[in-house]
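Within every chain, numbering begins at 1; the chains are lettered A, B, ... in the order of the sequence lines, protein sequences first and strands thereafter.
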Amino acid sequence: DTGVSQDPRHKITKRGQNVTFRCDPISEHNRLYWYRQTLGQGPEFLTYFQNEAQLEKSRLLSDRFSAERPKGSFSTLEIQRTEQGDSAMYLCASSLKGWWGNTEAFFGQGTRLTVV
Amino acid sequence: GQQLNQSPQSMFIQEGEDVSMNCTSSSIFNTWLWYKQDPGEGPVLLIALYKAGELTSNGRLTAQFGITRKDSFLNISASIPSDVGIYFCAGRGETSGSRLTFGEGTQLTVNP
């Protein structure tokens with residue numbers, strides 16, 4: 001396993017279009033996170049899953065955003081009716097929560113979204 | 001909500017110099033993390049701190065969890081050109097659950 005994988009790496013879309021990003025976590029990791037990072041800022045938390053359950057969502061995750069992790073493995077993040085303000089790097093991370101404790105999150109390389 | 005103030009925003013140093021950056025929080029954190037991010041890549045974890053007062057090293061990097069639990073610092077000794085990048089502090093508060101709050105980053109430039 002080579003780490004957290006995100007696809008695509010770059011996406012350019014027209015305002016108003018829908019986009020979907022995919023994240024494949026490290027295979028044994030049961031937790032999966034989505035963060036958004038705008039230029040010059042640190043990542044901001046969007047949502048996280050434990051297995052297939054979405055346990056927490058940020059207020060940043062508006063109604064146009066939806067995330068799924070249907071089988072507890074890969075996850076998708078969809079943005080409907082994109083706006084220019086959605087332009088950002090979308091980062092996925094995964095971690096392992098076990099009976100012994102937790103690992104910290106490992107991040108993927110991100111998907112850079114540009115809305116024109 | 002929780003906020004992290006990270007300073008300095010940027011640093012320009014000569015190779016071989018030591019570097020220090022810090023992070024302060026408006027509320028108590030029970031975990032402090034330091035990440036490095038290269039252009040076009042995701043953040044990579046450098047050091048994790050879990051106890052107030054804890055001092056942890058990773059090669060030339062040393063980080064400390066402040067006694068007040070509201071601050072942390074990262075030192076890099078004998079900097080080299082590959083230290084260039086953006087360094088982020090991140091933390092989890094008592095009510096954060098699994099979410100991390102990140103600072104705004106310190107852009108480090110190392111001149112050979």
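A single hydrophobic cluster is seen to contain both B:Met21 and B:Phe65, as judged by linkage of ILVMFWY side chains at heavy-atom distances under 4.5 Å, directly or through other members. B:Leu33 and A:Leu32 fall into different hydrophobic clusters, where Ile, Leu, Val, Met, Phe, Trp and Tyr side chains are chained together by heavy-atom contacts under 4.5 Å. The hydrophobic clustering, which links ILVMFWY residues whose side-chain heavy atoms are closer than 4.5 Å, places A:Leu61 and A:Tyr90 together. Cluster membership for A:Val115 and A:Met89, using ILVMFWY side-chain heavy atoms within less than 4.5 angstrom, is not shared. Hydrophobic cluster membership is shared by B:Ile76 and B:Trp32, with clusters built from Ile, Leu, Val, Met, Phe, Trp and Tyr side chains linked at under 4.5 angstrom.
Rounding to the nearest 0.5 Å gives a distance of 12.0 Å between CZ of B:Arg99 and OH of A:Tyr33.
Annotation: maximal heavy-atom pairing with chain B below 4.5 Å, among A:Gly110, A:Ala105, A:Cys92, occurs at A:Ala105. Ranked by heavy-atom pairs under 4.5 Å with chain A, the list B:Gly103, B:Ser98, B:Gly105 is led by B:Ser98.
In this structure, A:Phe45 has its ring center no closer than 6.0 Å to that of B:Phe102.
Neither the backbone nor the side chain of B:Ile86 comes within contact range of chain A, judged by heavy atoms closer than 4.5 Å. Residue B:Gln37 touches chain A through its side chain alone, counting heavy-atom pairs closer than 4.5 Å. When heavy atoms are compared at a cutoff of 4.5 Å, A:Glu56 approaches chain B solely by way of its side chain, counted from C-beta outward.
Although no hydrogens or angles enter the test, the distance criterion places a donor-acceptor pair under 3.5 Å between the side chain of A:Tyr35 and the main chain of B:Leu100.
For residues 38-61 of chain B, a heavy-atom distance under 4.5 Å to chain A picks out B:Gly40, B:Glu41, B:Gly42, B:Pro43, B:Leu45, B:Ala48, B:Tyr50, given by residue number.
Crowding of A:Glu68 atom CD: a count of heavy atoms from other residues, nucleotides or ligands under 6.0 Å not exceeding 12. Within a 6.0 Å sphere centred on CD of A:Gln80, heavy atoms belonging to other residues, nucleotides or ligands number more than 12.
Residues satisfying the side-chain contact (heavy atoms from CB on, under 4.5 Å) test with A:Glu44, not counting sequence neighbours, are A:Arg36, A:Leu60.
Minimum interatomic distance between B:Phe88 and A:Gln37 (heavy atoms only, all atoms of both residues): CZ-NE2, 3.4 Å.
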